[in-house]
S.K.: 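Here it is, the structure, as structure tokens.
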Amino acid sequence: MSAGHAHAAARGHSAERAYAHQFDSAEHQHGAAQLGMWVFIAQEILFFGGLFVAYTVYRFMYPAAFAQSSHHLDVVLGSFNTAVLIASSLTMALAVHGAQLGKRWAQVIFLLATIFLGCVFLGVKTIEYGHKFHEHLIPGPNFLFDGDARHAQIFFSLYFVMTGLHALHMVIGIAVLGVLVWRAARGAYGSAYYSPVELTGLYWHFVDIVWIFLFPLLYLIGRH
Amino acid sequence: MTSTNYINADYGIWSWLLTKDHKRIAILYLVSITAMFLLGGLFALMIRLELLTPAGDLVSADTYNKLFTMHGIVMVFFFLIPSIPAVLGNFLIPMMIGARDLAFPRLNLASWYLFVVGALFALYAIFTGGVDTGWTFYTPYSTAAAHTNVIPAALGIFINGFSSILTGLNFIVTIHRMRAPGLTWFRLPLFVWAHYATSIIFILGTPVIAITILLVAVERAFHFGIFDPTLGGDPVLFQHLFWFYSHPAVYIMILPSMGIVSELITCFSRKVIFGYGFVAVSSMAIAVLGFLVWGHHLFLSGQSVYASLIFSVLSFLVAIPSAVKVFNWTATLYRGSIEFAAPMIYALGFIGLFTIGGLTGLFLATLGFDVHVHDTYFVVAHFHYIMVGGAIMGYLGGIHYWWPKISGRMYPEWPARIGAATIFVGFNLTFFPQFLAGYLGMPRRYHMYPPEFQVLNVMSTAGATILGVGYLLPLTYLLWSLRYGKVAPDNPWRATGLEWQTPSPPPTENFATTPVVTEGAYAYSDMHEAEFI
């Protein structure tokens with residue numbers, strides 16, 4: 001193995017070298033990048049984890065207020081958005097598949113579809129936020145709630161922080177997908193090199209999974 | 001120094017600010033972290049000056065609150081946590097495992113920029129009025145009552161947290177994927193093991209404080225009720241979330257230091273370390289147990305007595321892997337051929353200070369005793385023994401040991417020995433009286449105190465002055481050595497380890513050809529211990 005190491009000059013900086021100087025091969029680099037993404041996702045789980053802990057504590061303390069508050073969330077819009085996100089995970093997976101097979105236009109189309117579905121999700125989320133604003137459900141001095149307003153505020157605080165942070169992750173994801181589309185259209189990814197598409201896929205699926213937890217916890221607790 | 005190395009490979013400020021070389025990034029960290037250390041030290045000095053007399057005569061109560069808060073924020077988040085991983089870890093880990101660089105050099109540079117941006121936010125908070133919440137940002141004071149710059153300081157810590165996370169991520173992937181052929185896990189230098197354990201804390205702990213600090217900022221800015229009891233929130237939840245990170249953060253500060261001490265003890269006693277496997281695994285044990293003990297900060301915060309009991313027992317458990325390390329170091333010293341070079345003096349000083357700090361940690365984990373000394377100077381002395389005595393002794397020992405490799409120059413030996421001794425004496429004179437003051441009942445975080453505590457406080461302030469001089473000594477002669485020091489050989493300590501098999505200072509790619517490892521770490525086989533064992 002050590003013969004293949006040599007130093008950078010031996011490998012040169014030719015156009016076909018598809019890996020950085022600190023790695024020994026393209027597979028070596030791909031493996032490192034993959035592990036890096038999984039470690040990042042572990043970090044993300046803990047990042048959202050703090051919010052899930054807060055949610056658990058307060059739902060345990062104020063179950064009635066939480067159930068009552070969840071009735072003010074729009075289950076139809078929430079369900080629609082859940083379906084949109086699952087569809088986007090499918091298109092993302094197809095885009096990764098396309099990149100692995102080196103099908104340039106298939107991956108561009110599926111990446112664009114993922115961006116489109118992501119934007120639909122964010123659009124629906126904006127409508128929902130607008131409704132909350134009109135119904136005075138934004139925590140703070142103007143908060144109006146028919147019932148246990150004090151504890152309903154905690155529910156809505158958590159609702160906005162959790163879904164807001166989730167939406168922020170989607171915005172970042174969409175920006176990254178935009179770069180991928182541009183590069184994929186120029187033929188940057190193929191069966192030999194598709195790490196960025198695959199890793200963005202991992203990220204996108206992770207963000208979807210967060211929503212899969214948020215939706216029942218926030219929208220469905222009042223209706224069983 | 002005529003050959004090409006990482007320092008002279010490229011010229012100009014941008015070649016440094018845009019570098020992707022882990023060694024240059026380590027130097028960038030070294031410079032910025034030293035600046036933060038001096039700032040934090042300045043705050044400490046003002047605190048000690050105020051406490052010279054029982055009356056609040058130097059600064060007002062408000063200013064005093066800001067001083068100890070900013071001392072804490074700067075020292076904890078911008079010095080102690082990043083110091084060893086970001087400077088020595090960055091510089092050494094790729095070399096110790098025979099790699100050309102970290103796995104993600106661009107991410108590494110991004111970490112440094114995040115550190116700088118975080119530090120700028122904190123500096124902005126400090127110089128536009130300061131923060132007075134204590135570095136712990138306890139709610140609801142921090143979210144509802146304090147009229148100081150909580151949000152910029154919190155954002156600075158939040159941003160800096162991602163610098164730590166990315167550094168940890170980089171180390172984990174590098175240690176997993178970039179090891180030279182033959183370098184199995186149980187042949188790794190203990191420094192690398194310590195950083196692996198530290199990185200796990202970075203990855204699993206830091207995001208939790210990031211989200212907690214974000215919640216404080218959101219609550220403060222938009223009156224979202226999450227921790228504020230007037231809005232139905234629970235301030236104790238904040239303490240749970242805060243200490244879930246901040247207790248493991250203590251191990252972020254101490255584990256890398258222990259890694260350094262393992263390297264120093266074995267090198268300067270010319271012996272293979274006693275019980276390598278135990279020392280390596282004890283780092284992981286400390287990292288894991290460190291996540292289970294946060295509740296000992298809440299003994300007096302109204303958590304259930306059963307929870308307190310469990311946290312008390314779990315806290316005792318951390319003593320086991322800690323003691324494993326100390327006993328293994330002493331066993332390594334036994335019948336070693338000990339050379340009292342400056343790094344070794346730091347390492348031995350570390351063992352003394354860490355033992356005192358660790359044992360008083362057991363006192364504090366004991367429920368009844370904790371009630372007596374809660375929020376007194378006993379606690380202050382305890383965590384300074386660990387975080388300052390432990391972390392800084394290791395850091396300075398490491399800086400001296402690897403200085404020839406980093407700079408290509410030798411530091412002057414006698415000033416360095418005097419510096420190490422000065423720091424040890426100054427440190428003990430500063431903080432040992434605080435154990436006594438705290439045990440006798442002097443509370444922390446007050447800018448005045450009853451006159452009977454004055455003798456102890458005068459001792460402490462005198463010690464702090466000696467300690468300050470002790471810190472300035474290395475700063476002076478290390479800078480001096482950059483120009484006038486003896487040119488360093490590749491391996492001045494005749495140490496084992498891959499980092500010594502490359503020129504001083506190393507070339508950009510670290511090794512001309514990737515080394516192949518055929519034996520375990522610390523094979524000081526030609527040394528005389530063979531006669532004894």
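Throughout, a chain's letter reflects where its sequence line sits, starting with A, and its residues are numbered from 1.
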S.K.: Can you confirm whether or not the ring centre of B:F224 sits under 6.0 Å from the ring centre of A:Y159?
M.R.: no
S.K.: Surrounding NZ of A:K132 (heavy atoms of other residues, nucleotides or ligands, distance under 6.0 Å), is the total greater than 12?
M.R.: yes
S.K.: For B:R177, does its backbone N or O pair with a side-chain atom of A:H28 as donor and acceptor, under 3.5 Å?
M.R.: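 Side chain of A:H28 to backbone of B:R177: a pair is present.
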S.K.: Could you tell me whether the side chain of A:R150 and the main chain of B:G233 form a donor-acceptor pair under 3.5 Å?
M.R.: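 Looks like no, no N/O pair under 3.5 Å.
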S.K.: Using a 4.5 Å cut-off on heavy atoms from C-beta on, say whether the side chain of A:V53 contacts that of B:V208.
M.R.: no
S.K.: Once the angle between the rings of B:F162 and A:F47 is folded into 0 to 90°, is it parallel (under 30°), tilted (30 to 60°) or perpendicular (over 60°)?
M.R.: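 B:F162 vs A:F47 ring planes: perpendicular.
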S.K.: Crowded around B:H176 NE2? As in, over 12 foreign heavy atoms under 6.0 Å?
M.R.: yes
S.K.: Under 4.5 Å from any heavy atom of chain A, what part of B:T230 do you find: side chain, backbone, both or neither?
M.R.: backbone
S.K.: Do A:F23 and B:M178 come within less than 4.5 Å of each other through their side chains, counting heavy atoms only?
M.R.: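 In contact.
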S.K.: Can you give me the closest heavy-atom contact between B:G232 and A:I154, atom names plus distance?
M.R.: O-CD1, 3.0 Å
S.K.: Check each atom of A:Y62 against the heavy atoms of chain B and say whether the ones under 4.5 Å are side chain, backbone, both or neither.
M.R.: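 Side chain only.
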S.K.: For a quick test of reading the model, state the closest non-hydrogen atom pair linking B:I211 to A:G50 and the distance between them.
M.R.: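 Heavy atoms only, the tightest pair is CG2-CA, 3.8 Å.
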S.K.: Taking C-beta and beyond as the side chain, do A:V39 and B:F202 meet within less than 4.5 Å on heavy atoms?
M.R.: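 No, too far: nothing below the 4.5 Å cut-off.
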S.K.: What part of A:L165 lies closer than 4.5 angstrom to a heavy atom of chain B: side chain, backbone, both or neither?
M.R.: side chain
S.K.: Could you tell me if the side chain of B:P105 sits less than 4.5 Å from the side chain of A:Q22, heavy atoms only?
M.R.: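 Of all side-chain heavy-atom pairs linking B:P105 with A:Q22, at least one is under 4.5 Å.
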S.K.: For B:A103, which atoms come within 4.5 Å of any heavy atom of chain A: side chain, backbone, both, or neither?
M.R.: both
S.K.: Counting only non-hydrogen atoms closer than 4.5 Å, does B:I209 touch chain A with its backbone (N, CA, C, O), its side chain (CB onward), both, or neither?
M.R.: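 No part of it gets close to chain A.
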S.K.: Using non-hydrogen atoms and a 4.5 Å limit, figure out which bit of B:L241 sits close to chain A: side chain, backbone, both or neither.
M.R.: side chain
S.K.: What part of A:V57 gets within 4.5 angstrom of chain B, counting heavy atoms only: side chain, backbone, both, or neither?
M.R.: side chain
S.K.: Less than 4.5 Å to any heavy atom of chain A: does that hold for the side chain of B:N510, its backbone, both, or neither?
M.R.: neither
S.K.: Tell me whether A:W182 at atom CH2 has more than 12 heavy atoms from other residues, nucleotides or ligands lying less than 6.0 Å away.
M.R.: no
S.K.: Are any side-chain N or O atoms of A:S157 and backbone N or O atoms of B:G225, one a donor and one an acceptor, separated by less than 3.5 Å?
M.R.: yes
S.K.: Show the nearest heavy-atom pair for residues A:V161 and B:I226, with the distance to one decimal.
M.R.: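 Closest pair (atom of A:V161, atom of B:I226, distance): CG2-CD1, 4.4 Å.
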S.K.: Hey, which of B:V173, B:L169, B:L107, B:I203 is the one that makes side-chain contact (heavy atoms from CB on, under 4.5 Å) with A:F40?
M.R.: B:L169
